[in-house]
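Working notes for the structure below.
Computed over heavy atoms, backbone and side chain alike; hydrogens, waters and symmetry mates excluded. Residue numbering restarts at 1 for every chain, and letters A, B, ... go by the order of the sequence lines.
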Amino acid sequence: MRLSRYFLPTLKETPAEAQIASHRLMLRAGMIRQGAAGIYSWLPLGLKVLKKIEQIVREEQDRAGAQEVLMPTIQSSDLWVESGRYDDYGKEMLRIEDRHGRQMLYGPTNEELITDIFRKEIKSYRDLPKNLYHIQWKFRDEIRPRFGVMRGREFLMKDAYSFDLTEEDGRKSYNSMFVAYLRTFARLGLKAIPMRADTGPIGGDLSHEFIVIADTGESEVFFDKAFDALDPMIDAGAGDDLQPIVDEWTSIYAATDEIHKPDNCPVDASKLVTGRGIEVGHIFFFGEKYSAPMGASVQGPDGETTNVQMGSYGVGVSRLVGAIIEACHDADGIVWPESVAPFKVGLMNLRAKDDECTAACDKMYAELTKAGVDVLYDDRDQSAGAKFANMDLIGLPWQLAIGPRGLKNGVVELKNRGSGERVELSPEDAVTKLTG
RNA sequence: CGGGGAAUAGCUCAGCCUGGUAGAGCACCACGUUCGGGACGUGGGGGCCGGAGGUUCGAAUCCUCUUUCCCCGACCA
């Protein structure tokens with residue numbers, strides 16, 4: 001992509017409304033613009049990152065055996081009346097009346113709808129287990145939206161719902177999502193720690209939050225540094241027993257500041273890590289909470305009709321964009337993990353008016369593009385300093401600077417945004433390095 | 001929802017106290033000079049001063065109401 005044609009409205013100054021790093025940087029890097037409190041438009045650069053995160057989440061859901069569906073944003077109130085949550089959910093749910101006076105709502109979550117789909121189609125234990133997920137926009141009318149996309153009212157969430165015959169099977173589904181989440185956050189370049197959680201309005205008796213550790217996180221967390229020794233990229237097969245893995249991860253101490261009691265903390269002070277965290281995922285096993293009131297049941301092998309055991313599993317996809325930036329930035333801007341970076345390489349023409357230099361840049365751009373590398377090519381006629389600053393701001397993993405000075409010696413400069421390391425090498429070697 | 005703050009050019013802000021009809025820097029456009037870490041000069045475009053009402057000869061400025069946004073707190077992916 002040529003930057004001269006790309007819609008990338010970066011800002012030199014920080015908009016007054018942004019307080020935290022990720023919000024400031026997302027506005028400055030031209031990723032989002034605000035529509036109303038807690039409601040944002042996603043501009044090309046931001047959308048690209050959002051899609052990349054979404055895709056990693058999707059791959060790990062698929063890998064864990066979940067199947068993607070897409071449910072609507074607007075729902076009828078009927079199912080919510082049936083589950084009992086129409087009254088319980090309160091003002092956080094945006095209620096809408098259509099032209100016929102029907103009570104509708106913008107979905108804050110989808111337990112009711114998915115349970116309805118399930119109960120209409122599945123009648124036999126032979127069709128279990130099932131795990132269905134979708135990645136869809138949600139709306140929760142938060143009392144106080146803040147921190148940009150970290151706590152918006154409208155947000156993109158992956159929510160999965162598992163259906164099993166027995167509680168034991170239900171826990172297997174839970175474990176499978178637990179492992180999928182560990183893998184997902186690791187692939188996103190994040191350190192995420194599972195913590196036992198309250199079940200809140202979703203209900204249930206088994207639940208974990210996945211907390212990303214970032215210096216600027218919203219709540220204080222405490223955990224045993226033994227987590228550092230665990231590898232989240234668990235490579236388990238379809239039939240493998242995941243319980244030992246889940247036990248290993250959940251036996252290590254981790255708590256938010258609400259639960260943590262310094263006086264009777266089981267972890268020795270020398271091993272306790274205090275940090276700040278952002279909740280990016282939440283999984284629940286809640287048994288028959290929805291299947292019972294809504295009559296989602298199957299016939300078992302014994303001919304008996306039983307309510308299915310359900311769980312739900314959420315990942316805040318749009319929040320993750322902010323969370324990743326909170327975890328990955330420096331004074332100059334964002335430092336994208338390569339897996340979610342909007343482009344892999346930022347190619348800078350340091351002297352756009354110099355024909356020779358421009359020819360070399362065009363050639364480099366063509367070669368990298370041909371090799372399948374996603375390149376953002378700053379071909380604008382601007383000062384070199386402005387280009388460097390802009391590239392640091394948007395945080396692409398690699399910066400390739402080409403100018404007359406280097407070309408005279410047959411070299412270009414390649415900089416790693418994360419380490420700051422710069423090397424001069426021939427254009428050919430640069431291509432090899434970036435395509436290798 | 002309680003408490004606090006803000007709204008003036010695309011962005012960051014000044015002007016308001018003490019009313020006289022709107023400014024700066026950056027950004028944008030043109031031309032020229034620059035050119036390897038957010039260059040410089042000259043010229044230019046851009047604002048019903050959030051909205052409504054009131055006071056006044058006259059309101060960005062004073063008064064009332066209202067809307068929106070932000071921050072702190074209790075709740076949430």
Side-chain angles (χ1 to χ4, degrees), chain A residues 9-20 23-24 27-28 30 33-39 53 57 89-93 107-110 135-160 181 185 192 197-202 207 209-212 218-219 258 278-284 312-323 332-333 348-354 357 378 380-393 399-409 411-413 415 420 422 424:
Chain A
T10 55
L11 304 172
K12 215 162 158 180
E13 285 172 290
T14 304
E17 75 265 20
Q19 297 295 315
I20 64 164
H23 191 193
R24 283 200 300 266
L27 290 167
R28 288 194 55 211
R33 287 295 182 264
Q34 185 172 51
I39 299 177
I53 295 170
V57 170
Y89 222 94
K91 287 193 164 180
E92 212 171 286
M93 184 155 72
T109 177
N110 285 65
I135 299 171
Q136 178 63 292
W137 292 91
K138 306 290 189 288
F139 192 91
R140 293 182 190 172
D141 200 358
E142 298 278 344
I143 298 165
R144 184 155 94 87
R146 61 185 125 172
F147 303 148
V149 301
M150 296 269 284
R151 188 166 309 175
R153 290 192 292 173
E154 187 181 49
F155 59 97
L156 186 63
M157 179 164 97
K158 184 285 300 182
D159 40 326
Y181 276 32
F185 299 128
D198 287 334
T199 51
I202 307 261
S207 175
E209 289 178 355
F210 286 77
I211 308 282
V212 161
E218 47 193 329
S219 56
E258 295 136 25
I278 303 161
E279 184 185 349
V280 290
H282 203 157
I283 60 178
F284 303 87
S312 75
Y313 315 91
V315 170
V317 177
S318 48
R319 169 179 285 188
L320 272 165
V321 181
D332 296 323
M348 286 174 277
N349 183 346
L350 299 182
R351 189 84 65 84
K353 278 189 176 153
D354 182 314
C357 183
D378 192 345
R380 298 170 305 169
D381 180 23
Q382 286 203 349
S383 74
K387 293 189 177 187
F388 282 121
N390 204 56
M391 277 300 170
D392 283 346
L393 173 63
Q399 296 175 7
L400 190 54
I402 301 182
R405 203 175 75 191
L407 288 176
K408 205 180 294 176
N409 302 318
V411 296
V412 297
E413 184 188 279
K415 173 178 148 183
R422 301 180 205 181
E424 291 200 327

Between the side chain of [X] and the main-chain N/O of [Y], is any donor-acceptor distance below 3.5 Å?
{"X": "A:Arg28", "Y": "A:Leu11", "result": "yes"}
{"X": "A:Arg319", "Y": "A:Val149", "result": "no"}
{"X": "A:Arg153", "Y": "A:Ala37", "result": "yes"}
{"X": "A:Lys387", "Y": "A:Ala401", "result": "no"}
{"X": "A:Tyr313", "Y": "A:Lys158", "result": "no"}
{"X": "A:Ser312", "Y": "A:Ala160", "result": "no"}

Choose from [options] the nucleotide whose nearest atom is closest to any side-chain atom of [X].
{"X": "A:Phe388", "options": "B:A77, B:G38, B:G36", "value": "B:G36"}
{"X": "A:Arg144", "options": "B:A77, B:G38, B:A74", "value": "B:A74"}
{"X": "A:Gln34", "options": "B:G36, B:G38, B:C70", "value": "B:C70"}
{"X": "A:Lys12", "options": "B:A77, B:A27, B:C71", "value": "B:A27"}
{"X": "A:Ile143", "options": "B:G36, B:C70, B:A74", "value": "B:A74"}
{"X": "A:Ala384", "options": "B:C71, B:C35, B:G36", "value": "B:G36"}

Below 3.5 Å between N/O atoms, which protein atoms pair up with nucleotides 11-16 of chain B? Just atom names and distances, please.
unit_1 : atom_1 : unit_2  : atom_2 : d
B:C11  : O2     : A:Glu13 : OE1    : 3.2
B:U12  : OP1    : A:Ala16 : N      : 2.4

[X] near the nucleic acid: base, sugar-phosphate alone, or nothing, with a heavy-atom cut-off under 4.0 Å?
{"X": "A:Ala389", "answer": "base"}
{"X": "A:Arg33", "answer": "nothing"}
{"X": "A:Arg422", "answer": "base"}
{"X": "A:Gly152", "answer": "base"}
{"X": "A:Gly406", "answer": "base"}
{"X": "A:Lys408", "answer": "nothing"}

Which heavy atom of A:Asn110 sits nearest to which heavy atom of A:Lys138, and what is that distance? OD1-CE, 3.4 Å

Looking at every non-hydrogen atom in both residues, tell me the closest pair between A:Pro145 and A:Glu142 and how far apart they are. CD-O, 3.6 Å

Would you state whether a donor and an acceptor, one from the side chain of [X] and one from the base of [N], lie under 3.5 Å apart?
{"X": "A:Arg140", "N": "B:C76", "value": "no"}
{"X": "A:Gln382", "N": "B:G38", "value": "no"}
{"X": "A:Arg146", "N": "B:G73", "value": "no"}

Taking atom [atom1] in both [N] and [M], what distance in whole Å separates the two?
{"N": "B:C71", "M": "B:U12", "atom1": "P", "answer": "14 Å"}
{"N": "B:C31", "M": "B:A24", "atom1": "C1'", "answer": "24 Å"}
{"N": "B:U42", "M": "B:U61", "atom1": "P", "answer": "34 Å"}
{"N": "B:C63", "M": "B:G20", "atom1": "P", "answer": "15 Å"}
{"N": "B:G51", "M": "B:G44", "atom1": "P", "answer": "29 Å"}
{"N": "B:G10", "M": "B:U56", "atom1": "P", "answer": "34 Å"}
{"N": "B:U18", "M": "B:G50", "atom1": "C1'", "answer": "26 Å"}
{"N": "B:C48", "M": "B:A27", "atom1": "P", "answer": "23 Å"}

With sequence neighbours excluded, residues passing side chain to side chain contact (heavy atoms under 4.5 Å, CB included) with A:Pro9: A:Phe7, A:Arg33, A:Leu43

For [N], give the paired nucleotide (Watson-Crick: N1-N3 plus N6-O4 or O6-N4; G-U: N1-O2 and O6-N3; both under 3.5 Å), or none.
{"N": "B:U33", "result": "B:A39"}
{"N": "B:C69", "result": "B:G5"}
{"N": "B:A59", "result": "none"}
{"N": "B:A14", "result": "none"}
{"N": "B:A74", "result": "none"}
{"N": "B:A52", "result": "B:U64"}
{"N": "B:C28", "result": "B:G44"}

Below the 4.0 Å mark, does B:C1 have OP1 or OP2 next to a side-chain nitrogen or oxygen of A:Lys91? yes

Looking at A:Ser383, I'd like to know whether one of its side-chain N or O atoms comes within less than 4.0 Å of OP1 or OP2 on B:A39. yes

Starting from the 5' end of RNA chain B, give me the residue, A:Glu142 or A:Ile402, whose nearest nucleotide shows up first. A:Ile402

5' precedence on RNA chain B between A:Val149 and A:Gln399 (nearest-nucleotide basis): A:Gln399

When rounded to whole Å, the CG to C1' distance for the pair A:Asp378 and B:G36 reads 13 Å

Is any side-chain heavy atom of A:Arg140 less than 4.5 Å from a side-chain heavy atom of A:Met157? yes

